[in-house]
Chemist: 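Okay, here's the structure, questions in a sec.
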Amino acid sequence: MTISYPLALPDTRGFRGLSLRPVAQVAHSRSPFTGEGQFYAHQGQIWAAQFDLPPMRRADAEPWVAFLLSLNGMQGTFLAGIAGSDVPRGIATGAPVVNGASQTGQVLLTDGWTPSQTGILKAGDLIQLGTGADTHLHKVLADANSDGAGAATLDIWPRLRVSPLDNAAIVVAGCKGLWRLASNEMPIEFSQPVIYSLSFGALEAI
């Protein structure tokens, strides 16, 4: 069978630890005379993550080993969610979609929510735009309310890299991001009595 990206995670064992780190591309220079700083915010905003698996015996570990080898270092991509953030803190009811084409930046216009709801999404909630190789993971930066027509404006991070289609579905539970390994080295360690230890870093695939 030909390997097709993005891959799904093996389901034999959950993560022992998962850290998510936002990385912003901001240039900074400081005057050696006055101490004043100047900042320039570039467009780049990207997620970085560290995935740590619990110690495993071979039966549980080998699907993960095969998964890492199938990625072939930084070549392949995979889909993964963020443990602990599967369920939004906000009400998140309705059938939310993108409201309008050609959107850019860090503000997303949406509709399709249950009308007139306070806290339709809460600061820190995740949303997913797109599927498969077009998946993008965003975090909501401020509490959002829906108006009487079911519309809501979302402040998000990272900024939109591509303009989503009008009426494109917005995923609010079980959101996933698109990742690739942060290195071509695939750390696979084992010790007697054949206990495997697997950890890997990843960057958002953009």
Side-chain angles (χ1 to χ4, degrees), residues 5-9 11 14-15 18-27 39-51 77-180 202-206:
Y5 303 120
L7 300 179
L9 292 177
D11 58 5
F15 292 112
L18 194 161
S19 62
L20 183 67
R21 304 184 309 279
V23 181
Q25 304 300 325
V26 179
F39 299 86
Y40 182 82
H42 295 281
Q43 295 292 309
Q45 296 175 334
I46 190 172
W47 294 112
Q50 177 68 30
F51 298 87
T77 59
F78 64 96
L79 293 168
I82 306 302
S85 299
D86 296 339
V87 179
R89 297 169 56 241
I91 301 169
T93 53
V97 295
V98 174
N99 183 13
S102 302
Q103 296 193 52
T104 60
Q106 287 189 243
V107 175
L108 180 66
L109 304 179
T110 69
D111 59 9
W113 304 96
T114 302
S116 304
Q117 295 295 310
T118 299
I120 198 73
L121 287 177
K122 295 278 192 179
D125 284 342
L126 293 172
I127 63 169
Q128 175 189 329
L129 298 175
T131 59
D134 297 317
T135 298
H136 298 281
L137 184 69
H138 300 272
K139 188 174 278 287
V140 176
L141 301 181
D143 291 357
N145 306 321
S146 61
D147 65 17
T153 299
L154 307 180
D155 295 313
I156 59 173
W157 198 100
R159 68 179 67 250
L160 295 169
R161 300 191 184 91
V162 295
S163 297
L165 297 176
D166 184 29
N167 289 322
I170 299 172
V171 178
V172 295
C175 300
K176 291 181 171 58
L178 182 68
W179 308 91
R180 69 174 73 249
L203 295 172
E204 188 183 7
I206 58 175

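Residues: numbered from 1 along the sequence shown. Below, each value reflects all heavy atoms present in this structure, side chains not excepted, and no hydrogens, waters or symmetry copies.
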Chemist: Donor-acceptor check, side chain of Gln45 to backbone of Arg159, threshold 3.5 angstrom: yes or no?
Modeler: yes
Chemist: Tell me if a side-chain donor or acceptor on Glu204 pairs with a main-chain N or O of Gly177 at a distance below 3.5 Å.
Modeler: no
Chemist: Using every non-hydrogen atom in the two residues, find where Ala149 and Asp147 come nearest and quote the distance to one decimal.
Modeler: N-OD1, 2.9 Å
Chemist: Determine the minimum heavy-atom distance between Ala169 and Val97, stating which atoms define it.
Modeler: CA-CG1, 4.2 Å
Chemist: Please name the pair of heavy atoms, one in Leu160 and one in Val107, separated by the smallest distance, quoted to 0.1 Å.
Modeler: CD1-O, 4.3 Å
Chemist: Can you measure from CD1 (Ile170) to OG1 (Thr110) and round to the nearest 0.5 angstrom?
Modeler: 5.0 Å
Chemist: Taking Gln117 for the side chain and Gly119 for the main chain, is one N or O donor matched with an acceptor at less than 3.5 Å?
Modeler: no
Chemist: Okay, side chain of Ser146, backbone of Ser116: is any donor-acceptor separation there less than 3.5 Å?
Modeler: yes
Chemist: According to ring pair (Phe, Tyr, Trp, His ring centres under 6.0 Å), does anything in residues 84-117 pair up with another residue at least two apart or in another chain? List the pairs.
Modeler: none
Chemist: Give a yes or no on whether the backbone of Ala123 and the side-chain of Asp143 come within a donor-acceptor separation of less than 3.5 Å.
Modeler: yes
Chemist: Just how far is it from atom CG of Leu9 to atom CG of Leu79, taken to the nearest 0.5 Å?
Modeler: 8.0 Å
Chemist: Just verifying a value: how many Å separate Thr118 OG1 and Asn145 CG, rounded to the nearest 0.5 Å?
Modeler: 4.5 Å
Chemist: In the structure I gave you, are the side-chain heavy atoms of Thr104 and Ser163 within less than 4.5 Å of one another anywhere?
Modeler: yes
Chemist: Roughly how far apart are Leu129 CG and Arg161 CZ, rounded to 0.5 Å?
Modeler: 11.0 Å
Chemist: At what distance, to the nearest 0.5 angstrom, does CD1 of Ile46 lie from CG of Leu203?
Modeler: 5.0 Å
Chemist: Applying side-chain contact (heavy atoms from CB on, under 4.5 Å), can you list everything that pairs with Leu141, at least two apart in sequence or on another chain?
Modeler: Gln106, Asp155, Trp157
Chemist: For the pair Gln128 (side chain) and Lys176 (backbone), establish whether a donor and an acceptor sit closer than 3.5 Å, ignoring hydrogens and angles.
Modeler: yes
Chemist: Any side-chain heavy-atom pair from His138 and Leu108 closer than 4.5 angstrom?
Modeler: no
Chemist: Treating Asp125 as the side-chain partner and Gly90 as the backbone partner, does any N or O pair qualify as donor plus acceptor under 3.5 Å?
Modeler: yes
Chemist: Please check this pair: side chain of Thr77 against backbone of Tyr5, looking for a donor-acceptor N/O pair closer than 3.5 Å.
Modeler: no
Chemist: To the closest 0.5 Å, what do you measure between CG (Asp134) and CG (Leu165)?
Modeler: 9.5 Å
Chemist: Can you give me the closest heavy-atom contact between Thr135 and Thr131, atom names plus distance?
Modeler: OG1-C, 3.1 Å
Chemist: Would you say Thr114 and Ile91 make side-chain contact, with heavy atoms under 4.5 Å?
Modeler: no
Chemist: Please report the shortest heavy-atom distance between Trp179 and Ala48, naming the atom on each side.
Modeler: CZ3-C, 4.2 Å
Chemist: What is the minimum heavy-atom distance between Gly132 and Pro6, and which atoms define it?
Modeler: C-CG, 3.8 Å
